[in-house]
Visitor: 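Below is the structure I would like to discuss, written out as structure tokens.
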Protein chains: 2
Amino acid sequence: MDGHARRIPDATVARLPEYLRILIELAEQRIGTVSSERLAELAGVNAAKVRKDLSYLGTYGTRGVGYDVDYLLFQMRQALGVTRDCPVVVVGAGNLGRALANYAGFSDRGFPLAAVVDADEAKVGTNVGDVTVRPMSDLAELVRANQPVIGVIATPGPVAQLVADQLVAAGVTAILNFAPALVSVPPNISLRKVDLALELQILSFYQSHRESGSASRGWT
Amino acid sequence: MDGHARRIPDATVARLPEYLRILIELAEQRIGTVSSERLAELAGVNAAKVRKDLSYLGTYGTRGVGYDVDYLLFQMRQALGVTRDCPVVVVGAGNLGRALANYAGFSDRGFPLAAVVDADEAKVGTNVGDVTVRPMSDLAELVRANQPVIGVIATPGPVAQLVADQLVAAGVTAILNFAPALVSVPPNISLRKVDLALELQILSFYQSHRESGSASRGWT
DNA sequence: CCGAGCTTGTGCACAAAGTCACAAGCATGT
DNA sequence: ACATGCTTGTGACTTTGTGCACAAGCTCGG
């Protein structure tokens, strides 16, 4: 698609959304141009890293001037594949699931809530955010109607793998797992994990080893 | 405390909580011993990495046998500093804040909710989970009463830095930031960031570059 | 007491990520 | 047209993380 196409390192990919968020803010402030140094400051990283990261997308800067915010924004969206909104289906209407469904931050940033499903008959039919909880049996149909769609697992750990299998079977190709459990998926499916308690434990470590402990880190 | 004390790499620290979770499960199943190979399988990593990670904590395995689950569990909790529960104060009672406050996964894993505070007078006094929302002015008092405590920022991006400053002033030494914004803290304060929309965007990238894309990775 | 069979702990080689420093190149003013 | 001042893009180097392969060492059976 791009004459370029060198492979983008994982560490860089993890930072691109952060740059994207900043570029959107800059564009809203009608700022036309930004230097790598300024971008680095806003992202909390070093300027050389910003330049190297951006160079993987292509040569979009102007020496002596900086980067055109709107143009870079366009290219960044292109690279990240967020040119169109991508609906999200949440599995699990427990505390976490309802929380995620209500969280406006998803829709605001291009990931509207398409549906919430739950295996518990008692929860089916209740309202969560703007949608009504549907039974698991509707999953395949909901996925088909909204493709491409991202699946979010917000169930207890023990059923996470089962849910993942059903998502994959339904045709979902990207999954975000909030359940504290390992899930495996076929190699052509994208999978990421977020474990909230795990983050607190990492903080706990650096808190009790307070000599030279930087708990931050790019990561993601 | 330990004759050992070699510095533990960040990448290893990020994996320790995952091992901890698995060890707790194994202990619940009354499994007395585990090999690095089995642990690796459960954690979704390679066995050599498990052994190297664990070796940073000390020499707790037995050759030809494996690791004693209970003993390793004890040492792991020690290393992570999660020997006692550590209360959490959530700032922001919006969708995300209420969600986190209701999320049982925190309390279940040793991080009980101590309080929720919000700057909006209209929200003060309402109930969230087991607690009542308190005004920001109570923050310092709440922190003092619960030390050591972890602060969780669940506010909109623009006020995140302000909140972080107040948390630090109140004596919090570890902060988990859910707001989509960069916050800086003094070097002796531990800080981690979780941005939910950012995770979805990373998935989006790998979804649109589906050649050889592993969106997973140890991470976090 | 000794040998067989596992599993740990680690040295080493390699891969990935981060940092530095500087040539290349654009814009502006004279 | 040319010199000046900035900022990019990138090659070389450092640091960090990963994976292999194997010696060290434990247990158990005979």
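Letters A, B, ... mirror the listed sequences (proteins, then strands); counts begin at 1.
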Visitor: Which nucleotide wins on minimum distance to the side chain of B/Ala11, given the candidates D/dT27, D/dT10, D/dT18?
Guide: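 Output: D/dT18.
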Visitor: Would you indicate which nucleotide in D/dA23, D/dT8, D/dG17 comes nearest to any side-chain atom of A/Tyr67?
Guide: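 Among D/dA23, D/dT8, D/dG17, the one nearest the side chain of A/Tyr67 is D/dT8.
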Visitor: Let me see the working for A/Arg15 and A/Asp10 under salt bridge (Lys or Arg N to Asp or Glu O under 4.0 Å), right down to the final yes or no.
Guide: CA-CA 9 Å; A/Arg15 281 187 296 267; A/Asp10 289 346; over 6 Å; no
Visitor: Write down the distance between CG (A/Leu16) and P (C/dA17), rounded to a whole number of angstrom.
Guide: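 From A/Leu16 CG to C/dA17 P: 13 Å.
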Visitor: Looking just at side-chain N and O atoms, do B/Ser36 and B/Arg51 make a donor-acceptor pair shorter than 3.5 Å?
Guide: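 Checked: B/Ser36/B/Arg51 side chains pair up, N/O donor to acceptor below 3.5 Å.
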Visitor: Starting at the 5' end of DNA chain C and moving along, which residue's nearest nucleotide shows up first, A/Arg63 or A/Asp53?
Guide: A/Asp53
Visitor: According to a strict under-4.0 Å criterion, is A/Arg51 in side-chain N/O contact with OP1 or OP2 of C/dG18?
Guide: no
Visitor: What donor-acceptor contacts under 3.5 angstrom involve side-chain atoms of residues 170-185 of chain A, with partners at least two apart or in another chain?
Guide:
| unit_1 | atom_1 | unit_2 | atom_2 | d |
| --- | --- | --- | --- | --- |
| A/Thr173 | OG1 | B/Gln207 | NE2 | 2.6 |
| A/Asn177 | OD1 | A/Ala179 | N | 2.8 |
| A/Asn177 | ND2 | A/Ala179 | O | 3.4 |
| A/Asn177 | ND2 | A/Ala181 | O | 3.2 |

Visitor: Would you please confirm or rule out a distance under 4.0 Å between OP1 or OP2 of C/dA17 and any side-chain N or O of A/Tyr56?
Guide: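 For C/dA17, neither OP1 nor OP2 has a side-chain N or O of A/Tyr56 closer than 4.0 Å.
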Visitor: Measure from the side-chain heavy atoms of B/Ser55 and tell me the nearest of C/dC20, C/dG9, D/dC20.
Guide: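 Between C/dC20, C/dG9, D/dC20, the one nearest the side chain of B/Ser55 would be C/dG9.
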Visitor: Please report, rounded to the nearest Å, how far the P atom of D/dT18 is from the CG atom of B/Asp10.
Guide: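 Nearest whole value for this atom pair: 11 Å.
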Visitor: In terms of side-chain heavy atoms of B/Lys52, which of D/dG19, D/dG25, D/dG9 is nearest?
Guide: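 Out of D/dG19, D/dG25, D/dG9, the nucleotide with an atom closest to B/Lys52's side chain is D/dG19.
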Visitor: Hey, is the side chain of A/Thr62 poking within less than 4.0 Å of OP1 or OP2 on C/dC26, counting only N and O atoms?
Guide: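 False: A/Thr62 side-chain N/O out of range (4.0 Å or more) of C/dC26 OP1/OP2.
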Visitor: Whole Å only: how far is the CG atom of B/Leu54 from the P atom of C/dT7?
Guide: 15 Å
Visitor: Between P on D/dC6 and CZ on A/Arg38, what's the gap in Å once rounded to a whole number?
Guide: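 One finds 18 Å between P of D/dC6 and CZ of A/Arg38, rounded.
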Visitor: For the residue pair B/Tyr103 / B/Asp108, report whether a side-chain donor-acceptor contact shorter than 3.5 Å exists.
Guide: no
Visitor: B/Glu37 CD to C/dG5 P: how many Å, rounded?
Guide: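 The answer, rounded to whole Å, is 18 Å.
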Visitor: Output the rounded distance in Å from CG (A/Leu72) to C1' (D/dT7).
Guide: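 For the pair A/Leu72 CG and D/dT7 C1', the rounded distance is 14 Å.
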Visitor: Find which nucleotide of DNA chain C each of A/Pro9 and A/Val65 is nearest to by heavy atoms, and output the residue with the more 5' nucleotide.
Guide: A/Pro9
Visitor: Mind listing the closest non-hydrogen atom pair of A/Gly81 and B/Ser204 along with its distance?
Guide: O-OG, 3.0 Å
Visitor: Could you check which of C/dT19, C/dA24, C/dT8 has an atom nearest any side-chain atom of A/Lys49?
Guide: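 The listed nucleotide nearest to A/Lys49's side chain is C/dT19.
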Visitor: Could you state the CG-P distance from A/Asp68 to C/dC26, rounded to the nearest angstrom?
Guide: 16 Å
Visitor: Nearest to the side chain of A/Thr59, which nucleotide is it out of D/dT7, D/dG9, C/dG9?
Guide: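 Selected nucleotide (nearest to the side chain): D/dG9.
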Visitor: B/Arg15 CZ to D/dG19 C1': how many Å, rounded?
Guide: 12 Å
